[in-house]
Amino acid sequence: MAQKPGIPKGTRDFSPEVMVKRNYIFNSIKKVFQKYGYLPIETPAMENLSTLMGKYGEEGDKLLFKILNSGDFLKKADDNLLAEKSSNKLVSKISEKGLRYDLTVPFARFVVQHQNDIVFPFKRYQIQPVWRADRPQKGRYREFYQCDVDVVGSNSLLNEVELIQIVDEVFKALKINVVIKLNNRKVLAGIAEKIGALDKIVDITVAIDKLDKIGLENVNKELTEKGLSSEAIDTLQPIILLEGDNAVKLKKLKDVLKDSETGMTGVSELEQVFEMVNMLNIDLEVELDLTLARGLNYYTGAIFEVKAKDVQIGSITGGGRYDDLTGIFGLKDVSGVGISFGADRIYDVMNQLEIFPKHTDASVQVLFVNFGDKEQLHCLRLLSEIRKAGINAELYPDSVKMKKQMTYANKKQVPFVAMVGETEMIEGVVTLKNMNSGEQEKVTVDNLISTCKETHNQHVRN
RNA sequence: GUGGAUGUAGUUCAGUUGGUUAGAAUGCUGGAUUGUGGUUCCAGAGGUCGCCGGUUCAAAUCCGGUCUUCCACCCCA
């Protein structure tokens, strides 16, 4: 009995219709990346587990997909561990490879491994799938694409500003309204230092983030539960209730953090970034958000997160600065900063808002109706001329009923149908039908080419 | 990982307290219309009711397990 096949949960097939839209996103993003001087690299889907483990925190380690060793791996496994049935301890014995969890850590590995061939500052982009053994939900997949841009080997805050410009340009091109939220790990560290609880910073930000949802009282309650003293919570109050525009927030922060050197460095970095961004006069809404912590524990400076304004979905882009990611692999003093665009979530947002362009460079612009053997040969010659002019065109492969061929054109949303029968062949013309208006007229091939080009340019521009 | 929902033609969904041959809309195929699609009319095809097991004379319907999708938490793109 043939059972219906399936694919693992959280993974998807992409149909041509979907791929055209996805590629539109990828191409738009790539174009912006390249405009700012970033070049592509690719790394393998799997990495050594030693490269991946311990880089994403405890939570991240659990979400790594591990690959079983080849051969009869259990034979070589420790008998005691097998008897114990302790999966965690056994994993290191039977698996030494894993699927990449993001693109940043493999990139750090790449930089270290190729440090002698790389010119610093090194600016690269990377668009590839990553895998997480998460529980899937809407906008949360087990296999999804990240579009990373990073620059390593430069401490300049200009890089942070450049990334904000890139975010602005990408989402402007895709016509998505977004807010970019900005924070700085050093500010968070300063806050933690101030209340003497360096290890509690994640708990603190998680709790503060819930202010809108559960109210001040419950936030404080949660902080108490997490083990914070009442003095510490008192100190935190002005930070929890921080309001106003970015400049006001920064001013208040400065006041609270004046004794913390790290904290003040963070505030100063934020100030500089905001100053430059304001000078650029970009439309993008840039907001200081202290509740932005980001779980990935390698961030050390700026942290970014982008949210769509019109759709309820997790962040669609995120990133930050990491001072010592390559240090773990033995290359010291190489600071990097980067962000990652979540292509799948961007797709979901655009799909929900129905803001994909109807026509892209991938769409066919003209379909030739097939009337028979003589006619199709004639069309073939016309087609090569048309294609040479850079127009996507096709000839229906079978000489079937016209209704069927028209329906095909209609479904593929081809804007023009060309008909060349006996009379057209003799007259040396083409009957060109505009599928939108239904109008048709006899034109020359040159005419057809210019008409197609004109409408295509209009479509793509809109 | 924890808690909670969900699954019926390609798609969106009906389906009564378990009871004849499981329906609709839309889509699909063919025809009305042998050189004209998106409108209309007619006809047709399409379902082991997610999967496995149990209760029953009888299960889409009740029970258990499993998988999928979705929601909350967690985390994140």
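To find a chain, count down the sequence lines: A is the first, B the second, and so on, and within it residues start at 1.
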Asker: Taking the C1' atom of each, how far is U12(B) from G27(B), in whole Å?
Answerer: 11 Å
Asker: Just compare A72(B), G38(B), A77(B) and give me whichever is closest to any side-chain atom of N410(A).
Answerer: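 The answer is G38(B).
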Asker: Have a look at H456(A) and tell me which of D361(A), I391(A), T451(A) forms a side chain to side chain contact (heavy atoms under 4.5 Å, CB included) with it.
Answerer: D361(A)
Asker: In whole angstrom, give me the gap between the P atoms of U8(B) and U68(B).
Answerer: 16 Å
Asker: Starting from the 5' end of RNA chain B, give me the residue, K62(A) or G342(A), whose nearest nucleotide shows up first.
Answerer: K62(A)
Asker: Classify the nucleic acid contact of G10(A) as base, sugar-phosphate or nothing, counting any heavy atom under 4.0 Å across all strands shown.
Answerer: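 If one applies the 4.0 Å heavy-atom cut-off, G10(A) turns out to touch the sugar-phosphate alone, with no base involved.
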Asker: Quick one: does any side-chain atom of S95(A) pair with a main-chain N or O of I67(A) as donor and acceptor, under 3.5 Å?
Answerer: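 Indeed, once roles are kept as given, a pair shorter than 3.5 Å links the two residues.
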Asker: Tell me the interatomic distance from I316(A), atom CD1, to C76(B), atom C1', rounded to whole angstroms.
Answerer: 14 Å
Asker: Using a 4.0 Å heavy-atom cut-off across all strands, classify Q405(A) as base, sugar-phosphate, or nothing.
Answerer: nothing
Asker: When we call it a touch if two heavy atoms are under 4.0 Å apart, what does K433(A) touch: a base, just sugar-phosphate, or nothing?
Answerer: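 Result for K433(A) = base.
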Asker: Whole angstroms only, please: what is the CZ-P distance between R142(A) and C70(B)?
Answerer: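 One finds 12 Å between P of C70(B) and CZ of R142(A), rounded.
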Asker: Using both distances under 3.5 Å as the test, list the Watson-Crick or G-U wobble partner of G44(B), or none.
Answerer: C28(B)
Asker: I need the NZ-C1' distance between K401(A) and A32(B), as an integer number of Å.
Answerer: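 Computing the K401(A):NZ to A32(B):C1' distance gives 11 Å.
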Asker: What's the CD1-C1' distance between I29(A) and A77(B), to the nearest Å?
Answerer: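 Nearest whole value for this atom pair: 11 Å.
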Asker: Which value, in whole Å, describes the distance between the P atoms of nucleotides A45(B) and G23(B)?
Answerer: 13 Å
Asker: Could you give the distance separating G65(B) and U26(B) at their C1' atoms, to the nearest angstrom?
Answerer: 36 Å
Asker: Where each residue is assigned the nucleotide of RNA chain B containing its nearest heavy atom, which of R345(A) and M402(A) is assigned the position nearer the 5′ end?
Answerer: M402(A)
Asker: Once you apply a heavy-atom cut-off of 4.0 Å, does N370(A) come out as touching a base, just sugar-phosphate, or nothing?
Answerer: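 Contact class for N370(A): none.
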Asker: Report the distance from atom CG of D150(A) to atom P of A77(B), rounded to the nearest whole Å.
Answerer: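 After rounding, the reported distance stands at 12 Å.
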Asker: Salt bridge or not for R12(A) and E143(A), using N-O below 4.0 Å?
Answerer: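 No, no charged N to carboxylate O under 4.0 Å.
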Asker: With respect to the side chain of M419(A), which nucleotide from U2(B), U68(B), U36(B) is positioned closest?
Answerer: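 Per side-chain heavy atoms of M419(A), the pick is U36(B).
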Asker: Between the main-chain N or O of F33(A) and the side-chain N or O of K35(A), is there a donor-acceptor pair closer than 3.5 Å?
Answerer: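 Looks like no, no N/O pair under 3.5 Å.
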Asker: Heavy atoms under 4.0 Å, any strand shown: does E439(A) hit a base, just sugar-phosphate, or nothing?
Answerer: nothing
Asker: Under 4.0 Å, heavy atoms only, any strand: does Y141(A) hit a base, just the sugar-phosphate, or nothing?
Answerer: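 The answer is base, as Y141(A) lies within the cut-off (heavy atoms under 4.0 Å) of a base atom.
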Asker: Between G38(B) and C73(B), how far is it from one C1' atom to the other, in whole Å?
Answerer: 48 Å
Asker: Find the partner of A14(B): check Watson-Crick (N1-N3 plus N6-O4 or O6-N4) and G-U wobble (N1-O2, O6-N3) distances, both under 3.5 Å, and reply none if neither fits.
Answerer: none
Asker: Between Y145(A) and A77(B), do the rings stack, that is, sit under 5.5 Å apart with planes less than 30° off each other?
Answerer: no
Asker: Quick one: look up who G1(B) pairs with, Watson-Crick or G-U, both distances under 3.5 Å, and put none if it's unpaired.
Answerer: C73(B)
Asker: Can you find a side chain N or O atom of K403(A) that sits less than 4.0 Å from OP1 or OP2 on A32(B)?
Answerer: no
Asker: Pick base, sugar-phosphate or nothing for G438(A), based on heavy-atom distances below 4.0 Å to the nucleic acid.
Answerer: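 Base, at least one base heavy atom under 4.0 Å.
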Asker: Inspect the contact between D283(A) and K172(A) and indicate whether a charged nitrogen and a carboxylate oxygen are less than 4.0 angstrom apart.
Answerer: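 D283(A) and K172(A): salt-bridged.
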Asker: Determine, for R132(A) against D102(A), whether the closest basic-nitrogen to carboxylate-oxygen distance falls under 4.0 angstrom.
Answerer: no
Asker: Is there a Watson-Crick or G-U wobble partner for G37(B) with both distances under 3.5 Å, and if so, which one is it?
Answerer: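 By the stated definition (distances under 3.5 Å), nothing pairs with G37(B).
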Asker: Give none if G64(B) has no partner; otherwise give the nucleotide forming a Watson-Crick or G-U wobble pair with it, both distances under 3.5 Å.
Answerer: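 By the stated definition (distances under 3.5 Å), C52(B) pairs with G64(B).
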Asker: Using the P atom on both, measure A14(B) against C62(B) and round to a whole Å.
Answerer: 15 Å
Asker: When you measure from the centre of the six-membered ring of Y299(A), is the NZ or CZ of R321(A) closer than 6.0 Å and no more than 45° off the axis?
Answerer: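 No, a cation-pi geometry is absent between R321(A) and Y299(A).
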Asker: How many whole angstroms separate atom CD of E59(A) from atom P of A77(B)?
Answerer: 13 Å
Asker: Would you mind classifying the nucleic acid contact of T423(A) as base, sugar-phosphate or nothing, using non-hydrogen atoms under 4.0 angstrom?
Answerer: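 The residue T423(A) makes base contact.
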Asker: Could you work out which one of G30(B), U69(B), U36(B) sits closest to the side chain of T431(A)?
Answerer: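 Looking only at side-chain atoms, T431(A) lies closest to U36(B).
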Asker: How far, in whole Å, is C63(B) from G18(B) if one measures between their C1' atoms?
Answerer: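 Taking atom C1' in both G18(B) and C63(B), they lie 13 Å apart.
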Asker: Can you check the distance between C67(B) and U29(B), where both ends of the measurement are the C1' atom (answer in whole Å)?
Answerer: 33 Å
